[in-house]
Enquirer: 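Can you keep this structure in mind? I'll have questions shortly.
Remember, it's a predicted structure, so these values are computed and weren't measured experimentally.
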Amino acid sequence: MSSINIKSQEVQIREVRLGSITGFEGTAGELVRCARAGKLQDSVRSFSQCMGCSSGNAFCQLSMIRDAAIINHAPVGCSGDFFGFNFVYRVGQMERNLPPATGRYFNSNIEEKDTIFGATAKLGETVRQVYERVKPKAIFITTSCASAIIGDDIEAVANQMTDELGIPVIGCYCEGFKSKIWTTGFDSAYHSIVRKLVKPPKKKTNNVNIINFWGSHIFDELLEPLGYKADYIVPFSTVADLEYISEAAATIQICPTLGTYLGAALEQLYGVPEIKAPPAYGIPGTDAWLRELGKVLKREKEIEEYIQKEHSRVLPILEEYRRKLQGKTAYITAGAAHGHALIALLRELGLKVQGAAIFHHDPVYDNADPASDALAHDVNTYGDVHNYNVCNKQAYELVNILNKVRPDIMIARHGGMTLWGAKLGVPTLLIGDEQFGFGYQGVLNYAERILETIDNREFVTNLAKHSTMPYTKWWLEQNPFSFLGGNIDVEVY
Ligand code: SF4
């Protein structure tokens with residue numbers, strides 16, 4: 001189990017803390033076996049096209065705390081994605097009937113001369129100006145490659161400004177170059193929240209923390225009849241809400257890739273039990289997850305009744321969808337745990353999963369409980385998945401594979417990946433809301449959307465006719481893993 005140390009200003013990166021990797025090709029079963037045996041090795045790529053950045057992932061959680069402000073201590077280019085976060089924030093406000101507000105996002109504008117003389121004075125002045133302009137309840141400072149390379153003492157600035165302004169000013173150490181696994185940025189954001197905002201509990205409440213992105217509020221309906229209240233964190237929380245997440249009765253993870261660190265931190269530091277079963281995707285997965293929830297919340301009888309009721313409602317409809325989807329094939333590209341969830345959903349619906357390009361792999365989560373392993377659950381429940389590729393969004397690998405397997409549908413989790421399927425004329429489905437596929441109803445939701453997508457292929461067929469690929473015929477004929485694991489024995493034209 002990784003030991004949570006809130007005395008340290010930084011969280012260890014996932015490569016070191018969990019042994020996570022970004023390069024693998026084989027079967028899902030092989031990956032699970034290697035991870036269990038402690039023999040998981042990262043297969044290095046000799047060519048890499050692009051990658052995500054931890055700073056962006058930290059920002060995605062912190063930027064939607066409703067009364068906080070975020071300063072990205074960085075050259076202004078690192079903040080080029082602010083508009084995207086603001087868009088998601090504004091859409092989420094409308095969905096929740098919250099008053100419209102623009103994200104309070106700022107950049108300290110590190111310039112060339114600052115990289116020589118240091119940028120801490122500039123950062124301090126930025127914090128002051130941000131406080132004057134928007135009067136936030138807390139200010140987070142996210143770091144960047146530039147601020148880390150020049151060695152700015154951000155903690156000293158944050159502490160000084162906390163004293164000066166009387167609000168928490170918190171360093172979040174998430175510079176992009178530190179880790180190849182950009183989900184380390186989630187851990188950095190949560191570490192900064194647990195380290196500086198969350199207070200020890202004064203009492204226990206009937207709140208249940210739901211660590212999620214900005215998905216629909218499906219847990220209200222489940223938890224309220226059990227006498228519990230869903231508390232969706234971190235996006236759309238307030239600073240005051242976050243101070244007492246330590247008082248909750250339990251923590252639910254919508255996706256352990258997202259919340260592994262926060263779930264473990266709340267359990268280790270404040271005794272808030274984490275639901276450790278893999279998230280509820282697919283029927284057997286939902287059964288197991290609900291039973292674990294019932295055990296933790298001491299509502300086993302009510303949960304058994306719920307399972308029986310939902311089985312009688314959902315299973316006959318599911319059979320009908322299975323019949324319609326029989327013989328269909330799918331390819332998945334997504335982040336780790338959500339990718340595993342999608343595999344369960346597709347296998348439950350009877351689709352043949354031809355392969356998956358999953359952005360990284362955590363051989364273990366921070367709770368160190370093997371029962372949390374969603375990929376092992378997939379393999380044990382539905383059988384192995386061939387062509388399982390751990391691939392940190394290398395489009396050249398994905399396009400090569402898609403061109404060869406030509407599935408009936410590609411399911412993607414990130415917007416930037418969907419166009420590759422569409423350009424090849426493969427119907428592609430992207431669903432941003434993880435909660436959409438959660439639980440019994442989630443299986444039916446996905447089935448309906450898959451059928452719609454497969455039935456409406458005219459758009460992608462036309463798009464493929466009129467689009468060009470940046471990849472040559474030569475590359476599309478190569479082994480997709482030519483640059484993975486040191487196999488660089490290819491001629492480049
Ligand atoms: S922090 Fe580093 S990796 Fe991230 S956007 Fe800035 S320069 Fe790029």
Enquirer: Is it true that a side-chain atom of Asp373 and a backbone atom of Ala376 form a donor plus acceptor pair closer than 3.5 Å?
Expert: yes

Enquirer: Below 4.0 angstrom, N of the basic side chain to O of the carboxylate: do Asp42 and Lys180 qualify?
Expert: yes

Enquirer: With rounding to the nearest 0.5 Å, note down the distance linking NE2 in His360 to CD in Glu15.
Expert: 9.0 Å

Enquirer: Check this for me: Lys137, atom NZ, are more than 12 non-hydrogen atoms of other residues, nucleotides or ligands nearer than 6.0 Å?
Expert: no

Enquirer: Counting only N and O atoms by type, is there a donor-acceptor contact under 3.5 Å from the side chain of Arg347 to the main-chain atoms of Tyr382?
Expert: yes

Enquirer: Donor-acceptor pair, distance only, cut-off 3.5 Å: does the side chain of Asp366 make one with the backbone of Ala264?
Expert: no

Enquirer: Applying salt bridge (charged side-chain N to carboxylate O under 4.0 Å, His left out), which residue pairs with at least one partner in residues 232-247 are found, sequence neighbours left out?
Expert: Lys199-Glu243, Lys203-Glu247

Enquirer: Given Phe359 and His414, is the ring pair (Phe, Tyr, Trp, His ring centres under 6.0 Å) satisfied, shown in steps?
Expert: CA-CA 10 Å; Phe359 303 154; His414 287 207; 4.9 Å; yes

Enquirer: Keeping the roles fixed (side chain from Asp114, backbone from Glu111), state whether a donor-acceptor pair exists under 3.5 Å.
Expert: yes

Enquirer: Between Tyr232 and His217, does any side-chain donor sit less than 3.5 Å from a side-chain acceptor?
Expert: no

Enquirer: Between the main-chain N or O of Ser144 and the side-chain N or O of Ser147, is there a donor-acceptor pair closer than 3.5 Å?
Expert: yes

Enquirer: Looking only at atom types and distance, does a side-chain atom of Tyr446 sit under 3.5 Å from a main-chain N or O of Leu345, one as donor and one as acceptor?
Expert: no

Enquirer: Hey, would you say the Tyr89 and Phe236 ring centroids sit under 6.0 Å apart?
Expert: yes

Enquirer: Counting N and O atoms only, with roles assigned by atom type, does the side chain of Thr143 sit under 3.5 Å from a partner on the main chain of Cys174, one being a donor and the other an acceptor?
Expert: yes

Enquirer: Could you check Leu351 against Ile409 for side-chain contact (heavy atoms from CB on, under 4.5 Å), going step by step and ending with a plain yes or no?
Expert: CA-CA 10 Å; Leu351 281 100; Ile409 188 166; 4.2 Å; yes

Enquirer: Can you tell me if Thr27 uses its side chain to pair, donor with acceptor, with the backbone of Glu30 under 3.5 Å?
Expert: yes

Enquirer: Please identify which of these residues, Asn57, Thr22, Asp187, Thr184, meets the side-chain hydrogen bond (donor to acceptor under 3.5 Å, both in side chains) condition with Ser179.
Expert: Thr184

Enquirer: Report the relative orientation of the aromatic rings in Tyr388 and His361; use parallel for angles under 30°, tilted for 30 to 60°, perpendicular for over 60°.
Expert: perpendicular

Enquirer: So with a 6.0 Å cut-off around CZ of Phe177, is the heavy-atom count from everything else above 12?
Expert: yes

Enquirer: Just checking, Lys178 and Tyr173: is the charged tip under 6.0 Å from the six-membered ring centre and within 45° of the axis?
Expert: no

Enquirer: Does Glu125 CD have over 12 foreign heavy atoms under 6.0 Å away?
Expert: yes

Enquirer: With sequence neighbours left out, write down each residue that passes ring-ring contact (aromatic ring centres under 6.0 Å, His included) with Phe85, or none if nothing qualifies.
Expert: Phe59

Enquirer: Is the distance between the ring centroids of Phe186 and Phe213 less than 6.0 Å?
Expert: yes

Enquirer: Tell me if a side-chain donor or acceptor on Asp152 pairs with a main-chain N or O of Ala119 at a distance below 3.5 Å.
Expert: yes

Enquirer: Output, in order, the C-alpha distance, side-chain angles, deciding distance and verdict of side-chain contact (heavy atoms from CB on, under 4.5 Å) for Ile139 and Met161.
Expert: CA-CA 10 Å; Ile139 296 174; Met161 297 314 294; over 6 Å; no

Enquirer: As a test of understanding, state which of Ile233, Leu62, Ile4, Leu258 forms a side chain to side chain contact (heavy atoms under 4.5 Å, CB included) with Tyr190.
Expert: Leu258

Enquirer: Does Arg133, at its CZ atom, have more than 12 non-hydrogen atoms belonging to other residues, nucleotides or ligands within less than 6.0 Å?
Expert: no

Enquirer: Just by distance, do the side chain of Gln394 and the backbone of Cys50 share a donor-acceptor pair under 3.5 Å?
Expert: yes

Enquirer: Step through it carefully: locate the ring centre of Trp420, locate the ring centre of Tyr396, and say whether they are under 6.0 Å apart.
Expert: no

